[in-house]
Amino acid sequence: AQKVTQAQTEISVVEKEDVTLDCVYETRDTTYYLFWYKQPPSGELVFLIRRNSFDEQNEISGRYSWNFQKSTSSFNFTITASQVVDSAVYFCALRGSGGGADGLTFGKGTHLIIQP
Amino acid sequence: DGGITQSPKYLFRKEGQNVTLSCEQNLNHDAMYWYRQDPGQGLRLIYYSQIVNDFQKGDIAEGYSVSREKKESFPLTVTSAQKNPTAFYLCASSTTRSGPGGYTFGSGTRLTVV
């Protein structure tokens with residue numbers, strides 16, 4: 001069975017601070033895919049990143065960066081110089097190697113609050 | 001533009017009623033999914049379908065039913081057997097081809113029992 005754990009239920013920081021959202025996963029698949037989604041108050045899920053299990057390179061996209069470490073089964077997400085618009089619920093998700101037909105396994109989400 | 005359309009955005013149900021949530025996609029994706037979201041619970045899989053006329057139960061299928069008569073459509077019926085239906089429902093689709101298939105989500109339907 002697959003499992004995704006986001007231990008931080010809620011994080012509150014002041015604008016311009018850096019913040020890291022943790023994600024730990026469990027899977028027996030040797031090939032798998034990890035995702036991060038952002039859910040603003042409007043409710044839709046906004047895709048942020050997809051990472052393959054065989055590609056451990058870290059990724060940076062503007063103020064966002066992701067640290068994938070297979071040794072610790074973690075896929076953490078850092079926002080640098082946070083902004084109020086970053087306030088949202090962030091989900092980490094996992095898909096196994098079955099072609100995606102059985103859907104994504106989501107963590108419970110981290111509610112990020114950026115205070116002005 | 002391709003995407004997923006969920007309707008209605010808000011839905012109110014009386015006790016004992018069945019209601020149907022609509023989900024339509026024009027992405028030519030093979031697979032479609034229904035997720036339920038409760039506060040603090042993340043998203044949980046209700047049903048999924050890989051091809052037309054076939055669907056599988058997810059983790060919390062009790063009290064729900066689906067159909068997949070067309071590739072583009074995957075409606076979800078919340079039956080009176082679902083004891084706690086108040087939640088946010090998200091529909092998604094994806095390709096089932098091997099490889100890092102992407103998922104597309106609709107904007108959701110918020111169901112409230114009154």
Side-chain angles (χ1 to χ4, degrees), chain A residues 1-11 21 23-25 29-55 57 59 68 75 88-111, chain B residues 3-6 8-11 23 27 29-52 54-61 66 68 74 87-111:
Chain A
Q2 299 180 144
K3 184 178 180 181
V4 176
T5 301
Q6 295 180 255
Q8 304 149 310
T9 303
E10 184 175 289
I11 300 174
L21 309 182
C23 173
V24 175
Y25 62 91
D29 291 340
T30 54
T31 300
Y32 51 89
Y33 306 91
L34 294 162
F35 300 76
W36 275 96
Y37 287 90
K38 174 182 180 179
Q39 186 179 45
S42 55
E44 79 275 16
L45 286 182
V46 178
F47 168 79
L48 296 178
I49 190 172
R50 176 180 60 235
R51 174 60 69 205
N52 307 327
S53 57
F54 42 86
D55 181 3
Q57 281 190 336
E59 180 148 342
F68 176 32
F75 186 43
V89 180
Y90 290 85
F91 291 99
C92 180
L94 168 70
R95 196 200 91 194
S97 55
D102 56 347
L104 293 165
T105 298
F106 284 86
K108 293 186 176 183
T110 297
H111 185 198
Chain B
I4 293 184
T5 301
Q6 287 188 243
K9 190 171 181 67
Y10 298 95
L11 187 58
C23 178
L27 300 164
H29 282 170
D30 297 309
M32 297 187 73
Y33 313 83
W34 274 106
Y35 289 91
R36 170 179 170 141
Q37 184 178 11
D38 296 283
Q41 292 296 316
L43 279 73
R44 294 179 289 171
L45 184 64
I46 305 172
Y47 267 98
Y48 64 96
S49 168
Q50 300 178 48
I51 57 173
V52 174
D54 184 62
F55 46 83
Q56 306 296 328
K57 293 182 179 179
D59 300 321
I60 55 166
V66 294
R68 187 85 186 277
F74 191 41
F88 187 58
Y89 292 86
L90 281 162
C91 178
S93 69
S94 78
T95 175
T96 56
R97 292 189 299 274
S98 61
Y103 289 79
T104 301
F105 284 84
S107 56
T109 293
R110 194 168 298 278
L111 174 63

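The model shown is predicted, which means the values in this text are computed figures rather than measured ones. What's counted below: heavy atoms across the whole structure, side chains too, no hydrogens, waters or symmetry copies. Within every chain, numbering begins at 1; the chains are lettered A, B, ... in the order of the sequence lines, protein sequences first and strands thereafter.
- Taken to the nearest 0.5 Å, the CG atom of A:Leu104 stands 4.5 Å off from the OH atom of B:Tyr35.
- At a 4.5 Å heavy-atom cutoff, the contact between B:Leu43 and chain A is made by backbone and side-chain atoms alike.
- Of the atoms belonging to A:Thr105, not a single heavy atom falls under 4.5 Å from chain B.
- At a 4.5 Å heavy-atom cutoff, B:Gln56 makes no contact with chain A through either its backbone or its side chain.
- Looking at A:Tyr37, only its side chain comes within 4.5 Å of chain B, counting heavy atoms on both sides.
- For the set B:Gly58, B:Ser107, B:Gly106, the entry with the most heavy-atom pairs within less than 4.5 Å of chain A is B:Ser107.
- Within the 4.5 angstrom heavy-atom criterion, only side-chain atoms of B:Gln37, from C-beta onward, approach chain A.
- For the ring-ring contact (aromatic ring centres under 6.0 Å, His included) test with B:Tyr103, the passing option among A:Phe47, A:Phe35, A:Tyr33 is A:Phe35; the others fail.
- Across A:Glu44, A:Gln39, A:His111, the residue that shares the most heavy-atom pairs under 4.5 angstrom with chain B is A:Gln39.
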